[in-house]
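The next block holds one structure in the form of structure tokens; read it before the comments.
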2 protein chains.
Amino acid sequence: MDEAGNTVVRRPRVQKNVTRAIAADICADIFSAGDFLPTENDLCDRYGVSRTVIRESLKILESKGLVRGRSRVGTVVCRKDEWNILDQQVLEWIGPRIFEFDLLNCILEARRAIEPAAAELAAERATVQEIADVERAWLEMRDAEGDIERFTKADVAFHTSLLKASHNQVFLQLSSIIQVALEFSLHASNEVVDRRDEAVDIHRQLVEALRMRDTAAARNCSLQLLSLAARDLAVAVKKHQPQASS
Amino acid sequence: MDEAGNTVVRRPRVQKNVTRAIAADICADIFSAGDFLPTENDLCDRYGVSRTVIRESLKILESKGLVRGRSRVGTVVCRKDEWNILDQQVLEWIGPRIFEFDLLNCILEARRAIEPAAAELAAERATVQEIADVERAWLEMRDAEGDIERFTKADVAFHTSLLKASHNQVFLQLSSIIQVALEFSLHASNEVVDRRDEAVDIHRQLVEALRMRDTAAARNCSLQLLSLAARDLAVAVKKHQPQASS
DNA sequence: GATATTTCAATCATCATACAAAAGCAATTG
DNA sequence: CAATTGCTTTTGTATGATGATTGAAATATC
């Protein structure tokens, strides 16, 4: 931060940081939807970089739907429902503010539609190698014990591998939102260890279903996992909205 | 095209065109996955614009996963499975080459997972206004008669409105891929008019289901539409791969 | 006074140039 | 032969200038 309270970045490899900084300020509603961003020159002063960097950052933000540059008029901030929320980078920029977006519920609904279908396809089409990848992720989950970082990472790897094994490019692209969902839900339910043991076991059954090419079982396991995820999400949301207690 | 056979663009509002041109050349495998792009200065010559424009174009392409810039080394073209294929712009760049991507099948599978779920949610949550929007699109489909452009546009509007009515941001974002699927499938099955009448009728039933808040009927209608879409897709693929006849 | 036209300032879009920093390669040297 | 050093290439950043276009203010016209 500089004396004006703005996020300032250092010189050498500054592009990514500036982009992130502007995105963060947009997420923080310092620049609200519908507003015009300051002029390019003002943004230069604000973030302490040249117009080159500012313009390239704006181009990136524009390509992801956060802003829209109107020729010779200015750059307006887009409404949040215009953002490419399926984009990994956008999700990273949003970060913990995802709780303000009512996104986690949408993601859970989407997972309910997508993951059981992907599990079925994976049971049909997964190669031996891909099943092994899924199982390795499961082993990592099982051995993570109390290490929640490690567990989350393994869980993400499990679901990503599963989507990969579905051999469907669209499903695979959606791993970014599932990753986000897992990261924010699991951190919330870290104290409930029993539940995690249950989850590990269902994951194991899912690997088994892949081996057996049992599409119905695979779908069923996926649905069970999503029921657990729903409970975890409820906990996570309650934690992040303590003002909503009656 | 200039004397060297490269796509050249004129000066005034050149950014979008250059980006599209580079993307097109990548899609056409003029720059293949794993290859390094020419240096920025060479790209300037190739496309006849300044480095500013080239760099901003590369930034956009990078933000969508088509290329990856390695500092002080060069820009490499990414594998196609790294591209953000859920991005509207990327899909536009791919254009008719989508048949080479094995994407339409993936999209159909994804639609089977997503649209019935979205239809259910829409039946629960659509506002009166949103149902009216869906119906307006249906009317437009019905009145399109032989005008296939108009029919396609209305069909896209119908499905987009439906996703909007599901009040799920994730589903709504996926309207881009559904749009692409509709555009390429419908143009292929334009001679089969009976089938289109059948489709119009099922669309009508879906509107009715929304009115009645009948989630099961909505899901069922959606599934029926996807069966039709599957048949249309088969026709479209056969048309675009005439060499695959045994 | 209201409306249409013109002018003008603001701002983005592009260009050209310069320099810094770093990665890769080659030459040099122990 | 290996390790260091230095050079070249290429990207990253900065800066200033010019063109083009939009929106609004100023002016002219009715």
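In what follows, chains are A, B, ... by sequence order, proteins preceding strands, each numbered from 1.
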Sugar-phosphate, base or nothing in reach of Arg51(B), heavy atoms under 4.0 Å: base

Interatomic distance, Leu58(A) CG vs dT11(C) C1' [rounded to whole Å]: 13 Å

Sidechain N-carboxylate O distance under 4.0 Å for Glu145(A), Arg150(A): no

Sugar-phosphate, base or nothing in reach of Thr52(A), heavy atoms under 4.0 Å: base

Residue Lys59(A) excluded, over 12 heavy atoms near NZ under 6.0 Å: yes

Tyr47(A)-Asp42(A) side chain donor-acceptor pair, cut-off 3.5 Å: no

Short side-chain donor-acceptor distance under 3.5 Å, His159(A) and Gln179(A): no

Gap between atoms CD1 and C1', on Ile54(A) and dT15(D) respectively (whole Å): 15 Å

Ser71(A) side chain, from C-beta outward: closest of dT14(C), dC12(C), dG12(D): dC12(C)

Leu43(B) CG to dT10(D) C1', straight-line distance once rounded to whole Å: 12 Å

d(CD, Glu40(A); C1', dA13(C)) in whole Å: 8 Å

Touch class at under 4.0 angstrom, heavy-atom based, for Thr39(A) against every strand present: sugar-phosphate

Separation of dA10(C) C1' from Asp42(A) CG (nearest whole Å): 12 Å

hbond_proxy Arg72(B) side chain to dT11(D) base (donor-acceptor, 3.5 Å cutoff): yes

Nearest-angstrom distance from the residue atom CG of Asn17(A) to C1' of dG12(D): 13 Å

Length of the NZ-P vector between Lys59(A) and dG12(D), whole Å: 17 Å

Any Arg70(A) side-chain N or O less than 4.0 Å from OP1/OP2 of dG23(D): yes

Val49(B) side chain, from C-beta outward: closest of dG23(D), dC15(C), dG12(D): dC15(C)

Ser50(A) side chain near dA14(D) phosphate (N/O to OP1/OP2, under 4.0 Å): yes

Distance in angstrom units between Asn41(A) CG and dT11(C) P, rounded: 9 Å

Centroid-centroid distance, Phe184(A) to Phe99(A), less than 6.0 Å: yes

